[in-house]
Amino acid sequence: MRRQYPFHLIEPKWRHFWDAQKTFRAWNPGEAIPEAHPFAVRHGLNGKVDAKGLPPKFYILDMFPYPSGAGLHVGHPEGYTATDILARYRRARGCNVLHPMGWDAFGLPAEQYAIRTGQHPRKTTEENIAVFKRQIQSLGFSYDWSREIDTTDPHYFKWTQWIFLKLYNSWFNPATGKAEPIDSLPTPGEGANSPEALREYRDSRRLAYVTEAPVWWCEELGTVLANEEVIDGKSEVGGFPVVRRPMRQWMLRITAYADRLLQGLEQIDWSESLKEMQRNWIGRSEGAEVVFPLAEGGQAITVFTTRPDTLFGATYMVLSPEHKLVETITTEAQRAAVSAYKTEVARKSDLERTELSREKTGVFTGAYAVNPVNNEKIPIWIADYVLATYGTGAIMAVPAHDARDFEFARKFDLPMRLVVEAPGGQESIGFLGDGTSVNSDFLSGLPTPEAKKKIASWLEEKGKGRKTVNYKLRDWLFSRQRYWGEPFPILWRREEGGPPRHEALDESKLPLQPPALSDFKPTSTGEPPLARASEWVNLPDGSVRETNTMPQWAGSCWYYLRFTDTRNDARFCGSEAEAYWMGTGPGGAGVRPGVDLYVGGIEHAVLHLLYARFWHNVLFDLGYVSTSEPFYKLVNQGLILGEDGQKMSKSRGNVVNPDDILREYGADAFRLYEMFMGPLEMVKPWNTKGVEGVYRFLGRVWRLFVDEESETEFEQAQTASGQNDVNALGRIRLGASVRSTSPTRVQLKALHSCIKKVTEDLEGFRFNTAISALMIFVNEAITWETKPVAILRDFLILLQPFAPHLAEELHAKLRDPNATDGTIAYEQWPKYDTALLIEETAEMPVQVNGKLRDKIVVAAKATQAEIKASALAAEKIQAFIQGKTIKKVIVVPGRLVNIVV
RNA sequence: GCCGGAGUGGCGAAAUGGCAGACGCACAGGACUUAAAAUCCUGGGUUCGUAACAGAACGUGCGGGUUCGAGUCCCGCCUCCGGCACCA
């Protein structure tokens, strides 16, 4: 196909220009802005400017990529293009825009590649970054590359480790609802606390703590994983099986923030579905703990229930097979059966336990408990449908009003008692909703919500239970047995005779670099590979380094903060920079708290987005940041499918490589197509034919401006010299129809309706319809005999965010055919004038009984009565209303007329 | 099962309760060309109807409802996508 316009020369030319001129450099408060920089020129700034002197900030962030060996994928640039368009738009609107990019480069693939090839992950990572960077830069994004971040850079992870130490040295004070320095933790008091006991107490309250607990172990990956990284009993990365295994691990106390993370969602502008995913993951449920004394032996079992109002219906209890009391309470007669069941359950993977065992299983322990409300003796069973990890690991079973208990009771022939009547008054075993309590002594007759309140206060009065809240959220398993991650800034020291104790590495020793290793392979015992570096591990003073590393999420938990002040060596980011870019107060010039706009994939809904919010809340509590929520507005871009409508994958062979598209159609066409495909959030299939469509549009834009003859000369020169000469672009002249004349009313109307539509659509993230408005303008403008420069210039400003290279080139030509400097990037976004949009006459559809029958032309200023008269008089309408009584005539000015007969 | 989101031409899609299908792809016809490509112009929801116009009926997953008027609002279903899933 013949090239529509010389994008192969135009695009690199302008990218070099932007790079050399630092066009997209974002300026921090207090930074010296060169007088000649277009940002300074636009805003009349010179030299050092403080936060108050700078224009309003706008922080537009992409989820930074993991630079994989496969290179960029057409899905990556979708979000990046959307943010770039908005960044360019905000610049034109006069904002100081922060639009950065970086690399989330610690991670498994680089390490696995290292294991296979023996090449150091550092090397692979650097190579992959180079590929990603070249590809991303070839799209003409207006990133401030001076702020580039690499999470594996010691200058960066020094601060990741530093934040970890802040977590380590803090506790969550339930009284204030905030994280506070560990030094402020009151001692438990009461008697003589040995230093040993005090230390243990402190360690048990830290936000980063060590615990020995069953954790997800992935044999194939040779590491443990967080709950969030396990999907259907398989690892999120690679889909390998995982098993529960007790191991000593580092945890972060995210559960302390469950309520804060829930409440924070109310303050931010995220899609309802995404908020819902986070709410579900946190899984708050209100209920009560109820204490059931054992019939013998004086001990008691505490259960959690969301339906304490059904307490009278509890006819048996179930403990999870792993429950602490199982051994104690099991009777001799049942011991064999109980141990057999426990063994059977232990053998099953979690996958089998949940998916395969639809049919309930369980065993009677032989023991009985006493129902605290009616002193009834009820049997205690164990069953694997009760999870050890939720609530107290034990339940009261109310088979009449719980589907699972019902199924279990039917199978094992346990009694059921109806205690809730459905609203219809129908007695119904198996009714699960809210109704009226029955057969429940002092609760009988009460509607469910009131019964819940009454039983809760009854339990509290009698000391038999209390209202409580439970969460599905578990603490965050934070250590990994890998090489390619941030080492923990932690030492282990053994006092004489005592157990080894962890302590923080001194901040002055940061960054703690990983040791040099040649064997990165994981071990099957769970011993991290760092343990092989004995010189690194064992310090001269006898202390030993922690050998676990942090998970990949660590680096992405705070990178957006680093972007505000990337080169700061004294602090994770300067407080003035943080306040300006992240704040809303006097220091912060923005309107919204935190990052103004964050765009990325939905796959991080309960991983990165929850973890980062957690860290940010902690940093906020400790006074390091200005807002409690990091990301004000968040948009998830939809997945791009292959041309066959299937998810792109190597095995399907339907992967589209951006490099191929760029070579053939250029970056502007690529950008435009990705935005024209449909709404940003939707899942949509790729269609290379569609790229040709927008490419043709760009060709039409080109022909709107340039002189055909000069272009032919230019091409002949190119062919003759056999080279791609950028300077030859100077040969291309503007067309003769492009003149500095005053625009006609028709021309103004075309321009201003385009300005209106594009502006409104950009505010609402409707890129596809904004582009269609640009197309409509060009389709009309190309027919004009005279094209006024003033109109074309404004059009280019509208086009610039979408197709920046072409817009720059044509804009330069409008100024001066041989211009080699100046940028359109900071040109003022045009304003539309509504007065220019109004036509003198308007065509109005006329309906009879809601059906379109005719159209009339009326003056724009016509009154309702005039419109009505003219509608009734219309010839075709006459035929429909003849001989009928007109019941009503509805006139919607500017819209339509409907005649009801 | 529960919670989100979505169903509109051959395809991607558009429509503050007010002319359904803007814009684009693909397709068809025409102009230009020795020819092709590129470009430019024209056409198009379906059915009926006409020599051709005209015209009519139907049409936004299905069934109801509200309204002068429903793709849009309400009720009840179906299908697809995403998330959660023995969470007491």
Side-chain angles (χ1 to χ4, degrees), chain A residues 1-4 231-232 271-281 283-285 287 303-307 310 318 320 353-355 357-358 360 383-387 389-398 401-405 407-408 470-474 602-603 605-606 636 638-639 643 645 672-673 676-679 681-694 696-697 699-700 703 708 757 766 768-776 779 782-783 843-855 876 879 887-892 894-901:
Chain A
M1 190 159 79
R2 185 182 179 274
R3 197 176 280 131
Q4 292 269 354
I231 293 161
D232 294 334
S271 72
E272 201 42 47
S273 66
L274 183 57
K275 286 185 180 184
E276 209 46 37
M277 279 167 75
Q278 292 220 338
R279 283 190 200 110
N280 288 339
W281 191 261
R284 184 180 200 272
S285 59
V303 303
F304 173 73
T305 177
T306 53
R307 293 295 300 270
T310 62
V318 186
S320 70
R353 241 176 109 158
T354 53
E355 280 194 5
S357 66
R358 284 266 164 258
K360 296 266 181 295
D384 67 358
Y385 81 91
V386 174
L387 307 174
T389 48
Y390 183 75
T392 63
I395 62 156
M396 64 178 210
V398 183
H401 304 290
D402 181 280
R404 296 149 301 181
D405 298 345
E407 202 190 316
F408 190 80
N470 245 296
Y471 300 91
K472 284 201 265 183
L473 185 68
R474 302 269 71 94
I602 188 77
E603 65 275 15
V606 293
N636 290 119
L639 202 65
E643 298 215 54
L672 214 53
Y673 174 65
F676 190 60
M677 289 170 82
E681 279 124 309
M682 288 237 297
V683 177
K684 41 210 173 280
W686 180 269
N687 175 11
T688 300
K689 285 281 181 201
V691 186
E692 279 175 33
V694 294
R696 274 200 280 268
F697 162 67
R700 263 197 318 277
R703 291 191 294 276
E708 216 179 308
K757 181 80 177 138
R766 294 179 295 268
N768 54 335
T769 48
I771 293 167
S772 104
L774 294 170
M775 288 172 167
I776 291 168
N779 287 346
I782 209 151
T783 64
E843 194 189 58
M844 275 177 81
V846 182
Q847 298 181 333
V848 177
N849 287 338
K851 281 186 185 171
L852 178 70
R853 295 302 179 186
D854 200 4
K855 290 178 184 180
K876 285 179 192 162
K887 292 190 189 131
K888 208 177 189 180
V889 179
I890 292 129
V891 180
V892 187
R895 281 289 176 190
L896 55 48
V897 182
N898 189 12
I899 300 163
V900 186
V901 293

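Order of the sequence lines fixes the chain letters, A, B, ..., with proteins taken first and strands second; residue numbering starts at 1 for each chain.
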Once you apply a heavy-atom cut-off of 4.0 Å, does [X] come out as touching a base, just sugar-phosphate, or nothing?
X: A:L896; result: base
X: A:G693; result: sugar-phosphate
X: A:K757; result: nothing
X: A:V892; result: base

Can you measure [X] atom [atom1] to [N] atom [atom2] for me and round it to whole angstrom units?
X: A:L852; N: B:G55; atom1: CG; atom2: C1'; value: 13 Å
X: A:L639; N: B:G82; atom1: CG; atom2: P; value: 9 Å
X: A:I602; N: B:C84; atom1: CD1; atom2: C1'; value: 13 Å
X: A:K689; N: B:A26; atom1: NZ; atom2: C1'; value: 8 Å
X: A:M277; N: B:C81; atom1: CE; atom2: P; value: 16 Å
X: A:K888; N: B:G69; atom1: NZ; atom2: P; value: 9 Å
X: A:L473; N: B:A85; atom1: CG; atom2: P; value: 12 Å
X: A:D854; N: B:A56; atom1: CG; atom2: C1'; value: 15 Å

Got [X] and [Y] here, is their nearest side-chain heavy-atom distance under 4.5 Å?
X: A:I899; Y: A:Q847; result: no
X: A:V694; Y: A:M775; result: yes
X: A:S285; Y: A:F304; result: yes
X: A:T688; Y: A:Y673; result: no

Report, one pair per line, the protein and nucleotides 1-12 of chain B atoms (nitrogen or oxygen only) whose separation is under 3.5 Å.
from, atom 1, to, atom 2, distance (Å)
B:G12, O2', A:M677, O, 2.5

Among [options], find the nucleotide with the atom closest to the side chain of [X].
X: A:Q847; options: B:G18, B:A85, B:C23; value: B:G18
X: A:P845; options: B:A88, B:C19, B:G18; value: B:C19
X: A:P679; options: B:C68, B:A14, B:G18; value: B:A14
X: A:T769; options: B:C84, B:A88, B:A14; value: B:A14
X: A:R895; options: B:G18, B:A22, B:C84; value: B:G18
X: A:I776; options: B:A88, B:A22, B:A26; value: B:A22
X: A:K472; options: B:C84, B:A88, B:C23; value: B:C84
X: A:R853; options: B:A88, B:C25, B:A57; value: B:A57

So which protein N/O to nucleotides 39-41 of chain B N/O distances come out below 3.5 Å?
from, atom 1, to, atom 2, distance (Å)
B:U39, OP1, A:Q4, NE2, 2.7
B:U39, O3', A:R703, NH2, 3.4

At what distance, to the nearest 0.5 angstrom, does CE of A:M677 lie from CD1 of A:I771? 11.5 Å
If pairs are Watson-Crick or G-U with both distances under 3.5 Å, what is the dot-bracket string of RNA chain B, marking crossing pairs with [ ] and pairs to another strand with |? (((((((..(((.....[....))).(((((.......))))).((((......))))..(((((..]....))))))))))))....
Does [X] make a side-chain N or O approach to OP1 or OP2 of [N] shorter than 4.0 Å?
X: A:S285; N: B:A88; value: yes
X: A:R279; N: B:G83; value: no
X: A:K851; N: B:C58; value: yes
X: A:N768; N: B:C23; value: no

Nearest-angstrom distance, C1' atom, B:G59 to B:A70: 14 Å
Between B:G9 and B:G43, how far is it from one C1' atom to the other, in whole Å? 15 Å
Counting neighbours of CD on A:E708 that are heavy atoms of other residues, nucleotides or ligands and sit closer than 6.0 Å, is the number greater than 12? no
Any side-chain donor near an acceptor of the partner, A:R703 and A:Q4, under 3.5 Å: yes
A:Y385 ring centre to A:K360 NZ or CZ under 6.0 Å, with the angle to the axis within 45°? yes
Could a donor-acceptor pair under 3.5 angstrom be found where the side chain of A:K887 meets the base of B:C68? no
5'-most contact on RNA chain B: A:D402 or A:M775, nearest heavy atom basis? A:M775
Syn or anti: how is B:G59 classified when any glycosidic angle within 90° of 0 counts as syn? anti
